[in-house]
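Each chain gets a letter, A, B and so on, in the order the sequences are listed, and its residues count up from 1.
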2 protein chains.
Amino acid sequence: MNRLPVAERREQLIEAALAVASRDGIDAATVRAVAAEAGVSLGVVHYCFQDKAELMRAMAHAITGQNASGSLAGLPADARVEQIIDAVLGGLWDGISSHRGSQLLSYELTTSSLRHADLAQVAKEQYEGSWTAAEQALGMIEQAAGVTWSVPRSDLARVVVALVDGYSLAWLVDGDDGAARSGLRSVGGYLATLARPAPTAAPAPDAPHDQGADQAPHPAGTTPAPDA
Amino acid sequence: MNRLPVAERREQLIEAALAVASRDGIDAATVRAVAAEAGVSLGVVHYCFQDKAELMRAMAHAITGQNASGSLAGLPADARVEQIIDAVLGGLWDGISSHRGSQLLSYELTTSSLRHADLAQVAKEQYEGSWTAAEQALGMIEQAAGVTWSVPRSDLARVVVALVDGYSLAWLVDGDDGAARSGLRSVGGYLATLARPAPTAAPAPDAPHDQGADQAPHPAGTTPAPDA
DNA sequence: GTCTATAGTTGGATAGAC
DNA sequence: GTCTATCCAACTATAGAC
C-alpha cells in the first residue's frame, strides 16, 4: 500500500521474515509467507531481494546482530569471581530462554547454512560472532574481578559457547529450565576454577582476590554444585 | 524389480533415506529422492510407509540406534581416571567426527522435530537416548577406575551431552578437529575433578568387571545455535 | 507387489499492466 | 514502485493398469 524507499522496505521484510521464521520455523518462511506477514504482495519481495537466499542471509544477519546486543548489561561491581560469572551466565541464559523461537531459528539457520552453498557464510558469521562475544565477556570478567585465566581466552570462549549451545539444545527439547540453569551454574564454578589473581595491575579496590587460590590443574575442592 | 517382503523393503528404504539425508540434507530427503536412491518407483515408498512423516520417524529411529551402537569398545583396563575419561571421550569423538553427514543430520532431525508435530517424539527420543548412554558410560568409568562421582550421575550426563553437542556444532561449522579434541580433553580434566575414590569396594587394580558389550553407548546429536 | 500416470498443492521467480 | 497474473518446477499422495 504505502510507497516506501527500498531500504525501509527491506527492513520491514527482514522483520517479517524473522517473525514468521521464529514462530513457524525456517521452512515456513517462504517468500509468500513473508510477503503476507509484511502485508505486501509477492512481487515486492523479489523487487527488494534478488532471490530467497538473499532474504535469508539478511534475516540471519539481523538475528545474529540482535543476539550480540542484549548481553552484558551492568555487571556486579564488587563481587567474587563466581558471582560475576554467575551473573554473566545468568543474564545470557535469560536472553536465550526468553526467546525460544529465535533460539531455535538460530540452530535451523546454522544447519541450513551447512547444507546450502547459498548460505555458507551464515554459520561462520554466527560462530565468529559468538566466540568474539564470549571472549569479550571473559575479558570483562577479568577486569571486573581482577583475575586472569589460566588457559587461553579463546579456548575458554569456545568452551563457554559449546556449553551454552549444548544446554540450549537440551532445553529446547525438554523445556527443563531448572536443569539448564543449574547446569550452567555448575559450569560457572568450573570457570571460576580457571581464574587466577591478576598479576600486575592492582585488582579492583574493593574486590580482594582471595579467590581461586593457587591451584594445580585439578583442584578437587571447588566442585561446581550441579544444582542448587 | 525384485519382489521383497514389506519388512525388508522398509529396511532398504530406511537405509536409502539415511544415505540421501546424510549426504544432501534433510530437505533433500524427499519421497522421490529416497525412491530413486533405493532404485524403486515412487509408489513403492507410499506402499511401505503411510506418509513421509512415518518414513522420517523410521529414519530417525535408525540413526539414533546406530549412534548408540558404535561406542564403548575396550576401555583401558588399568589406568587413572583421567586416562579412562580421555579414552571414552576420544572414542566418542572418533565416532562423531568420522560421520559428519550423520551428525549434521541428527541436528537437522532435532530442529525439524521441534517444529513439526508429526515428529514431536523424535527429539525427545534422541536426547533420552543420549542421556541414558552418557549415564551408562559414566557408570562404566566408575567401575573401571574405582571411583564415584561427587555429583548426581544424571547431572553429569547432561553436562557431557551438552558439551559434546556444543563442540560438535562448532566443529561442523569450522571443521577444526584439533580444537574440538583439545577442548574435550580439557573438559575431561574437569570431569576427573569430580571423581572420588569409591568408598566401599576396593578399586581393583586391573579390570575387575565385565565390559558392557551390550551397553548402549553415547550421545547423539542435536542442533546448533548461536548465543550472545 | 510393482509400475505408470496423474491429481492436487505449494513455492520461486518473472512479465506486464497500472 | 507496486500489483495482478502467470509460468514452471518440485513435491506428496493416490488411482488404476499390469
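Taking atom NZ of residue A/K52 and atom C1' of nucleotide C/dT10, one finds them 12 Å apart after rounding to whole Å. A/F49 has its CZ atom 15 Å from the P atom of C/dT14, to the nearest Å. Residue A/H116 contributes atom NE2, which lies 14 Å from atom C1' of C/dG12 at whole-angstrom precision. Rounded to whole Å, the distance from CD on B/Q50 to C1' on D/dT14 is 13 Å. The separation between A/R32 atom CZ and D/dC3 atom P is 15 Å, rounded to whole Å. Taking atom OH of residue A/Y47 and atom C1' of nucleotide C/dT14, one finds them 15 Å apart after rounding to whole Å. Rounding to whole angstrom units, CG of residue A/D24 and P of C/dG11 are separated by 12 Å. Distance B/L4 CG to C/dG1 P: 10 Å, rounded to the nearest Å.
Contact annotation for B/S41: base contact, defined as any heavy-atom pair under 4.0 Å involving a base atom.
For B/H46, a side-chain nitrogen or oxygen approaches OP1 or OP2 of D/dA13 to under 4.0 Å.
Here the side chain of B/V40 is nearest to one of D/dT14, C/dG12, C/dC3, namely C/dC3. Which of C/dA13, D/dT2, D/dA13 sits closest to the side chain of A/L42 comes down to C/dA13. The side chain of A/R3 sits closest to D/dG1 out of D/dG1, C/dC3, D/dA13. Closest approach to the B/T30 side chain among D/dA13, D/dC11, C/dG12 is made by D/dC11 (side chain taken as heavy atoms from C-beta onward).
No salt bridge links B/R57 with B/E125; every basic N to acidic carboxylate O contact stays at or beyond 4.0 Å.
Shown here for A/L138 and A/A157, the closest heavy-atom pair between the two residues is CD1-N, 3.6 Å.
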Report the C-alpha separation of B/D24 and B/E37 in whole Å, then their side-chain angles, then the decisive distance to 0.1 Å, and conclude whether the side-chain contact (heavy atoms from CB on, under 4.5 Å) test is met.
CA-CA 12 Å; B/D24 303 325; B/E37 179 83 16; over 6 Å; no

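The base of D/dG1 has none of its N or O atoms less than 3.5 Å from a complementary donor or acceptor on the side chain of A/R9.
Using modelled atom types, one finds a donor on one side chain and an acceptor on the other under 3.5 Å when comparing A/Q12 with A/R9.
Residues B/G43 and B/P5 both approach DNA chain C. Their nearest nucleotides, taken by heavy-atom distance, put B/P5 toward the 5′ side.
If you take OG1 on A/T111 and CD on B/E108, they are separated by 5.5 Å, rounding to the nearest 0.5 Å.
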